[in-house]
Amino acid sequence: MILALPYFLESPRGLEMIGLLFWIWMIYECATRERNSSEKVLWLLLVVFAPVLGSLIYFLVRVVKIRG
């Protein structure tokens, strides 16, 4: 059985675009949701300077906890 993927997912560019959008979303979430300014700065530094790992860590630790 062949799984039909959207066109943009068929190329590495599509996956890069999804990663970029996820990274931007995590920066936005951190900038708008964090209340403590020192924690906000530390999270933003992690997300900005380690985009892939920092975004995943922030998502799993903070976003899931805040919304869950």
Q: Which residue pairs pass the side-chain hydrogen bond (donor to acceptor under 3.5 Å, both in side chains) test with at least one member in residues 35-45, sequence neighbours excluded?
A: Asn36-Ser38

Q: Any chance you could measure Ile27, atom CD1, to Ser55, atom OG, to the nearest 0.5 Å?
A: 6.5 Å

Q: When you group the ILVMFWY residues by side-chain heavy-atom contacts below 4.5 Å and let the links chain together, are Ile24 and Val47 in the same group?
A: yes

Q: Does Val52 form a side-chain contact (heavy atoms from CB on, under 4.5 Å) with Trp23? I'd like the steps, not just the answer.
A: CA-CA 7 Å; Val52 176; Trp23 180 62; over 6 Å; no

Q: Taking C-beta and beyond as the side chain, do Leu46 and Tyr58 meet within less than 4.5 Å on heavy atoms?
A: no

Q: Rounded at 0.5 Å granularity, tell me how far CZ in Arg13 sits from CG in Leu20.
A: 11.0 Å

Q: Before you tell me yes or no, could you show the steps for Glu29 and Arg62 under salt bridge (charged side-chain N to carboxylate O under 4.0 Å, His left out), namely the whole-Å CA-CA distance, both residues' side-chain angles and the distance that decides it to 0.1 Å?
A: CA-CA 9 Å; Glu29 285 287 321; Arg62 302 296 290 178; over 6 Å; no

Q: Any chain of hydrophobic side-chain contacts (each under 4.5 Å) joining Tyr28 to Met17?
A: no

Q: Between Trp25 and Leu53, is there a shared hydrophobic cluster once you connect ILVMFWY residues whose side-chain heavy atoms come closer than 4.5 Å?
A: yes

